[in-house]
Number of protein chains: 4
Amino acid sequence: MARVRSPEKRSAILQAAVHEIAELGLGAPTAMIAKRAGVAAGTLFTYFASKEQLLNEVYLELKVEVYARINADFPHKGSLECRARHTWSNSLDWAIEFPEKRKASVQLNVSDLITPETRARTATERGTIDRTLDELGTRGALRGLPGGFPAAAMSAMQEATMEFIAKQPKQRKELMERGFQVFWRAVR
Amino acid sequence: MARVRSPEKRSAILQAAVHEIAELGLGAPTAMIAKRAGVAAGTLFTYFASKEQLLNEVYLELKVEVYARINADFPHKGSLECRARHTWSNSLDWAIEFPEKRKASVQLNVSDLITPETRARTATERGTIDRTLDELGTRGALRGLPGGFPAAAMSAMQEATMEFIAKQPKQRKELMERGFQVFWRAVR
Amino acid sequence: MARVRSPEKRSAILQAAVHEIAELGLGAPTAMIAKRAGVAAGTLFTYFASKEQLLNEVYLELKVEVYARINADFPHKGSLECRARHTWSNSLDWAIEFPEKRKASVQLNVSDLITPETRARTATERGTIDRTLDELGTRGALRGLPGGFPAAAMSAMQEATMEFIAKQPKQRKELMERGFQVFWRAVR
Amino acid sequence: MARVRSPEKRSAILQAAVHEIAELGLGAPTAMIAKRAGVAAGTLFTYFASKEQLLNEVYLELKVEVYARINADFPHKGSLECRARHTWSNSLDWAIEFPEKRKASVQLNVSDLITPETRARTATERGTIDRTLDELGTRGALRGLPGGFPAAAMSAMQEATMEFIAKQPKQRKELMERGFQVFWRAVR
DNA sequence: GATGAATGAGGTTTCATTCAT
DNA sequence: TATGAATGAAACCTCATTCAT
């Protein structure tokens with residue numbers, strides 16, 4: 001048997017990609033990503049067929065990661081507000097904890113390099129969360145709005161909140177809660 | 001470089017840049033932008049010192065344009081809600097009317113190429129609007145949150161709303177109003 | 001007006017390509033070709049869209065060159081044998097005079113990079129010659145064989161002859177004539 | 001590298017090389033050759049020290065194969081014409097039966113990768129045939145021409161004939177015989 | 001000022017070959 | 001010995017920018 005493809009290396013490349021994208025944008029050279037991952041330039045292409053594919057996988061990994069965190073101790077039996085707050089806090093926590101990941105995620109989000117297929121593949125992981133958020137869509141203020149709107153609204157409000165937490169990290173706790181309250185008033 | 005002969009050419013380049021960025025992202029080649037603008041590749045650099053500067057000016061132009069539209073018939077004497085709704089509608093209208101501009105604007109927004117100076121320069125035009133939005137920050141739900149939060153919140157909610165209008169253009173009117181109501185419930 | 005595209009440069013690139021292909025085969029790097037032509041690596045691509053296109057143009061140029069030489073003082077009124085001998089001698093002369101061109105030509109000939117379109121484009125120049133050779137096809141030994149056969153036969157016999165002239169350049173004259181006689185006995 | 005375990009593998013690699021060269025030219029990647037041969041990329045290099053050596057061996061194998069076929073039922077006692085015709089037919093048959101082999105052979109022939117040593121090594125197998133063809137060189141039209149000329153001439157005429165058989169496979173028999181007659185008129 | 005050819009650094013990707021397993 | 005991941009030197013090509021015209 002030959003040397004076996006190492007998940008660590010693959011992971012290192014993805015991580016390096018996140019870092020470089022956060023720093024240099026989507027134009028970050030694959031050579032630089034490889035270097036930071038501690039592998040040769042050519043090695044990157046044994047793990048990812050092309051830069052575009054690498055970017056798609058980075059996108060996927062980041063999405064999966066947030067959703068995994070939210071799902072981890074999700075209060076399935078909690079009230080709607082409780083579940084919404086859980087989602088709100090956990091994804092914000094992630095974004096604050098890993099600013100590079102968040103930055104890369106944002107860049108990838110607005111890019112046309114991410115294929116519809118890739119975007120679709122995140123649906124699986126989003127299941128639980130979407131169900132909660134969609135429940136919002138059947139009540140109160142959001143009744144009648146298209147499916148997905150609550151999720152989009154939350155994501156949007158988080159974006160806004162995050163910006164301010166980034167500027168005033170000390171008030172993180174408070175801003176996070178106030179942000180949620182604003183959101184909750186809007187949608188409940 | 002200094003004082004430039006033809007404002008038409010300058011304008012054509014900016015417009016072409018918007019188009020190409022919308023289509024190809026920030027990696028859009030200057031040569032292609034020049035071509036679409038109907039000028040030679042080199043000419044672009046007599047109007048803009050570098051690609052980076054061009055991008056900054058595009059960003060500025062787009063911001064100025066939305067703000068100008070909002071300011072045009074701004075109901076200075078209207079109620080707070082009235083003024084907020086005016087802002088909401090007009091900027092959404094602009095985004096819907098010029099999808100390319102919106103797309104370019106989003107890309108530029110998340111890019112590190114846009115300098116803090118450039119971002120600061122939009123402040124002037126934002127004056128009236130910000131005053132309205134900040135008024136929101138002194139009352140109700142948003143009291144105590146940092147300045148700029150209302151603007152960020154609106155922008156974020158608009159982003160979400162826009163996404164859905166793009167998917168279901170027929171319900172544009174309704175979605176725009178519903179979106180505003182959600183926002184308004186949150187902040188009033 | 002800007003600097004104008006110079007036929008000299010184009011020509012230098014083609015010539016350099018011939019040299020490098022003769023030396024290194026079709027894998028000759030474009031960078032090396034450019035260098036030998038005295039232009040920057042990138043410049044090559046303002047004259048030829050791709051390496052493949054460059055190769056096609058080299059092929060064309062070489063063909064055109066031989067045919068031009070044959071056509072130059074073609075004995076239109078001469079006997080069939082006279083015309084055949086003229087064709088034979090002149091193309092052999094060219095091949096002997098420019099061994100690099102011949103070598104490049106051979107390599108390109110057997111390559112799949114040369115498109116049918118390019119091959120077709122040589123037909124124009126081949127006109128006079130083909131008419132002579134096809135005349136052979138209507139008489140004597142070749143009657144009934146498909147059109148193009150005489151040309152192929154001559155080309156093949158020349159190839160063989162050339163090989164020996166290359167080995168014994170001193171007997172060039174004699175070998176050329178003997179070779180023709182062999183060919184002529186075959187086809188007359 | 002030294003003595004090698006499996007002749008089957010060696011053979012499979014050679015065969016795969018023929019196929020890939022016919023399809024992609026001499027630039028065919030070793031990895032692709034290995035894949036088609038059903039072995040790992042690295043394995044190829046335990047059978048052949050380098051790509052260049054592999055190519056030389058392919059060349060050799062193909063030559064040996066044609067010569068073997070001609071030698072198989074060679075009419076040693078036949079007339080000169082009979083022996084010449086045998087040679088003509090059998091090598092043409094081979095080329096027609098295995099177009100890939102022929103194509104690879106042509107590519108290798110014009111390449112500088114094939115060393116003089118390799119070319120020389122085909123001499124052994126060519127023995128019988130050359131003796132026949134050289135006999136031609138002592139008589140009639142070819143008297144006085146350098147040794148090897150008859151062989152080259154036949155090869156050349158075959159090349160021409162083959163081209164047309166490829167285009168009109170139905171008339172294969174007839175074209176083959178007519179081609180020989182043309183050749184024979186030239187050299188007898 | 002306008003043009004677009006020229007430049008060459010740098011980008012992505014390929015590939016012969018090596019080497020750990 | 002067989003494997004195929006790892007390597008890194010090129011290869012082709014693009015592109016922001018300069019500069020002769």
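Lettering of chains follows the sequences in order, A, B, ..., and the numbering in each one begins at 1.
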Approximate separation, where rounding is to 0.5 Å, of B:Phe45 CZ and B:Gln53 CD: 10.5 Å
For atom CZ of A:Arg3 and atom C1' of F:dA5, their distance in whole Å: 5 Å
So, A:Arg121 and A:Glu57, do they make that salt bridge, N to O below 4.0 Å? no
Respond yes when some side-chain nitrogen or oxygen of D:Thr46 is under 4.0 Å from OP1 or OP2 of F:dA2, and no when none is. yes
CZ/A:Arg119 to CG/A:Leu108 distance, rounded to the nearest 0.5 angstrom? 8.5 Å
Output the rounded distance in Å from CD (B:Glu8) to P (E:dA2). 11 Å
Taking OP1 and OP2 of E:dA5, is either one under 4.0 Å from a side-chain nitrogen or oxygen of C:Arg5? yes
To the nearest 0.5 Å, atom NZ of A:Lys103 lies from atom CG of A:Leu62 at 14.0 Å
Starting at the 5' end of DNA chain E and moving along, which residue's nearest nucleotide shows up first, C:Leu44 or B:Gly38? B:Gly38
Taking Watson-Crick (N1-N3 plus N6-O4 or O6-N4) and G-U wobble (N1-O2, O6-N3), each under 3.5 Å, can you produce the dot-bracket string of DNA chain F? Use [ ] for crossing pairs and | for inter-strand ones. .||||||||||||||||||||
Measure NZ/B:Lys9 against C1'/E:dG1 and give the value in whole Å, please. 8 Å
Phosphate OP1/OP2 of F:dA5 contacted by A:Tyr47 side-chain N/O (<4.0 Å): no
Atom pair distance, as rounded to whole Å: CG in A:Leu24 and P in E:dT12: 11 Å
When rounded to whole Å, the NZ to P distance for the pair C:Lys35 and E:dT7 reads 14 Å
Between P of E:dT18 and CZ of D:Phe48, the distance in whole Å: 16 Å
Under a 4.5 Å cut-off applied to non-hydrogen side-chain atoms, are B:Leu26 and A:Leu26 in contact? no
Is A:Lys101 salt-bridged to A:Glu61, cutoff N-O under 4.0 Å? no
Does any part of the side chain of D:Gln107, heavy atoms only, come nearer than 4.5 Å to the side chain of D:Leu24, both counted from C-beta? no
Verify the contact: side-chain N or O of A:Thr43 to OP1 or OP2 of F:dT7, cut-off strictly under 4.0 Å; return yes or no. yes
To the nearest 0.5 Å, atom CZ of D:Arg36 lies from atom CD of D:Glu20 at 5.5 Å
A correct 5'-to-3' footprint of nucleotides 10-16 of chain F, with B, S and - meaning base, sugar-phosphate only and no protein heavy atom under 4.0 Å, is -SSBBSB
Over 12 non-hydrogen atoms of neighbours within 6.0 angstrom of CD in C:Gln15: no
